[in-house]
> 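Take a look at the following structure, please.
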Amino acid sequence: MDKLKKVLSGQDTEDRGGLSEVVEATSLSSGTRIKGFIACFAAGILCSLLGTLLLWVPRKGLYLFAVFYTFGNIASLGSTVFLMGPMKQLKRMVEPTRLIATIMVLLCIALTLCSAFWWHNRGLALIFCILQSLALTWYSLSYIPFARDAVKKCFAVCLA
């Protein structure tokens, strides 16, 4: 309690170390974080749309599609780093409620690129892109309280 009183009154003269000073100096303001999130998310959507359009380019379209679509999803996923910070984002990605969704997103990203560059299979790349989007959606829903339960109930009602 005494420590809290000292900090609040400004009497805390303890050296906090160089690392905490670096963290405070490189911290982004909340406005900058929001702008970074919006810019990164918009760039992700733009890349995904561009990738979809590039699919129909002769000869190199499949490669361009896989790269742009995957980069777009990674940028969209990475946009939350601006809101939470990189370490908190990584910790939350491997929480038990998100671990399977995180693995599925990363696996679908890898399989999309493999199907385009090594297997040269356009249909398989499209399937993995669809699965990539579904996995990313399921992962994103894990951040909204009770959203996954609502989606499950909605599908149960629709299928019943």
Side-chain angles (χ1 to χ4, degrees), residues 19 22-160:
L19 183 61
V22 169
V23 168
E24 285 182 12
T26 58
S27 298
L28 299 174
S29 69
S30 60
T32 305
R33 287 177 182 266
I34 297 294
K35 289 175 188 173
F37 167 76
I38 291 170
C40 195
F41 192 74
I45 291 173
L46 183 66
C47 284
S48 294
L49 290 173
L50 183 61
T52 303
L53 295 174
L54 291 173
L55 178 62
W56 311 113
V57 171
R59 300 176 77 196
K60 298 290 182 185
L62 179 61
Y63 306 119
L64 294 171
F65 165 72
V67 169
F68 275 94
Y69 193 83
T70 299
F71 181 73
N73 279 344
I74 291 171
S76 296
L77 180 65
S79 65
T80 56
V81 170
F82 285 100
L83 298 178
M84 291 186 255
M87 291 310 294
K88 191 173 182 181
Q89 171 73 13
L90 289 174
K91 287 178 184 176
R92 289 183 127 190
M93 285 177 79
V94 295
E95 287 178 351
T97 57
R98 293 183 189 93
L99 184 60
I100 294 173
T102 301
I103 291 170
M104 288 304 298
V105 169
L106 297 176
L107 182 66
C108 288
I109 286 171
L111 290 174
T112 300
L113 294 174
C114 286
S115 63
F117 288 104
W118 286 284
W119 303 326
H120 306 289
N121 191 329
R122 185 179 300 242
L124 204 54
L126 286 172
I127 289 171
F128 287 131
C129 281
I130 292 168
L131 292 175
Q132 191 180 128
S133 295
L134 291 173
L136 188 59
T137 301
W138 190 251
Y139 170 81
S140 299
L141 286 174
S142 70
Y143 285 98
I144 303 168
F146 306 108
R148 285 180 167 182
D149 292 332
V151 170
K152 286 179 187 177
K153 287 179 183 176
C154 190
F155 273 104
V157 168
C158 289
L159 297 175

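FYI, the numbering just counts along the sequence from 1.
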> Taking side chain to side chain donor-acceptor pair (under 3.5 Å) as the test, write out the residues that go with Ser142, two or more places apart.
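Scan of Ser142 (side chain to side chain donor-acceptor pair (under 3.5 Å), adjacent residues dropped) gives Arg98.
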> Once ring pair (Phe, Tyr, Trp, His ring centres under 6.0 Å) is applied, do any residues pair with Phe82, and if so which ones, sequence neighbours excluded?
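Partners of Phe82 by the ring pair (Phe, Tyr, Trp, His ring centres under 6.0 Å) criterion come out as none, since no residue qualifies.
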> Under the side chain to side chain contact (heavy atoms under 4.5 Å, CB included) test, which residues partner Thr32, sequence neighbours left out?
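Thr32 satisfies side chain to side chain contact (heavy atoms under 4.5 Å, CB included) with Leu28, Ser29 once adjacent residues are dropped.
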> Mind checking side chain to side chain contact (heavy atoms under 4.5 Å, CB included) for Ile103 and listing every partner two or more places apart, or none if nothing turns up?
Leu99
> Test of understanding: with side chain to side chain donor-acceptor pair (under 3.5 Å), list the residues that count as partners of Ser133, not counting sequence neighbours.
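For Ser133, the residues satisfying side chain to side chain donor-acceptor pair (under 3.5 Å) (neighbours in sequence not counted) are Tyr69.
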> Using the test side chain to side chain donor-acceptor pair (under 3.5 Å), find all partners of Thr80 that sit at least two apart in sequence or belong to another chain.
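Expected list: Gln89.
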> Only counting residues at least two apart or in another chain, list the ones meeting side chain to side chain donor-acceptor pair (under 3.5 Å) with Thr112.
Gln132
> Tell me, please, which residues at least two apart from Phe128 pass ring pair (Phe, Tyr, Trp, His ring centres under 6.0 Å).
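Result, ring pair (Phe, Tyr, Trp, His ring centres under 6.0 Å) vs Phe128: none returned.
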> Please collect all salt bridge (Lys or Arg N to Asp or Glu O under 4.0 Å) contacts where either partner lies in residues 39-50, sequence neighbours excluded, each pair once.
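Listed once each, the pairs would be none.
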> If the condition is ring pair (Phe, Tyr, Trp, His ring centres under 6.0 Å), which residues does Tyr139 pass it with, not counting sequence neighbours?
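Ring pair (Phe, Tyr, Trp, His ring centres under 6.0 Å) list for Tyr139, sorted by chain: Tyr143.
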> Go through the structure and list residues passing ring pair (Phe, Tyr, Trp, His ring centres under 6.0 Å) with Tyr63, not counting sequence neighbours.
Phe117, His120
> With Leu159, which residues qualify under side chain to side chain contact (heavy atoms under 4.5 Å, CB included), at least two apart?
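Applying side chain to side chain contact (heavy atoms under 4.5 Å, CB included) to Leu159 gives none.
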